[in-house]
Amino acid sequence: MEKITILSPHCDDAVFSLGLTLGLWSMASLHLQVLNFFTESAYAPHAPVKTVAEISAIRKAEDERAIAFIHDGIKIISLDLLDAPLRLHLPFSQITQLQSVEQISPEELRQLSQHIQQHCLQSLAIAPLGLGNHVDHMAVQKASTACLPPQDLAFYEDLPYITWTSAFDVQIRIKSIEDSTGVGLSPLILRTQNAVAQKRQIASFYQSQITLEEADTIAGYAECYGSGERLWLPTNSERWAEVLQL
Ligand SMILES: [Zn+2]
């Protein structure tokens, strides 16, 4: 059976961005694993805890509960890497500034690539586009683009960041990735009934991270695609076409 690895910078990105897709692929009996990268974190604006150990544990527990709710067969792997504020000593205000991407060293990209290659052996992979320019999302996007065969690598739209990103900026990011890999990307929309209600329910597991209003924003974005999520697949990839029966 073909395996798909979801490259998730933090303990919520796979579910916020691909919650419906994970459910649909699980129902199609695809073997899924979520690879969480920067899981050591002090970011939990809505949790009454303070230490990195407490916050990291809460965030992992939220993710485990949400993913188990979607399907109990989805595997989660945690790399236990430090997130950007802890690793790069950047203030939160600079985490999503494009110039912060320059803080990602070649050595860090090399180490991320090693993790990705180790966990994506004999697996298709789907990475964040890095919309919103969060430095951790950009690091995973750049490392995966650098080390995986472009025909096996798809991309997802980072939520909630895409909700404030223009369609023009999305196209610029797509073009930039296409130029770096030499392989075109084609959109695929996966739809399900009651997408907004489903996404609101699974986003609400992450109570340390978002308010109910923010869960509504994430969920409501599914309306842009007629009750769905949009992915970007390598054009003419036989493996992806076979796995998704396109
Ligand atoms: Zn994230």
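All values below were derived from every heavy atom in this structure, side-chain atoms included, with hydrogens, water molecules and symmetry-related copies excluded. Note that the structure is a prediction, hence the values are computed from the model and not measured. Whatever order the structure lists ligands and atoms in, that order sets their numbers, starting from 1.
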| said: So, taking the atom named CG in L231 and the one named OG in S17, what distance separates them when rounded to the nearest 0.5 Å? | reply: 10.5 Å
| task | Anything protein N, O or S sitting under 2.8 Å from the Zn ion (ligand 1): count it and give me the total. | result | 4
| request: Supply the atom-to-atom distance L88 CG to L82 CG, rounded to the nearest 0.5 angstrom. | output: 9.5 Å
| In terms of the angle between their ring planes, are H10 and H137 parallel, tilted or perpendicular, with boundaries placed at 30° and 60°? | tilted
| CA sep, side-chain torsions, deciding dist, call: D169, R173, salt bridge (Lys or Arg N to Asp or Glu O under 4.0 Å) | CA-CA 6 Å; D169 283 343; R173 180 57 48 79; over 6 Å; no
| said: Nearest 0.5 angstrom please: S26 OG to L32 CG, how far? | reply: 4.5 Å
| Can Y206 and E214 be said to form a side-chain hydrogen bond (donor to acceptor under 3.5 Å, both in side chains), step by step? | CA-CA 10 Å; Y206 297 86; E214 289 166 323; over 6 Å; no
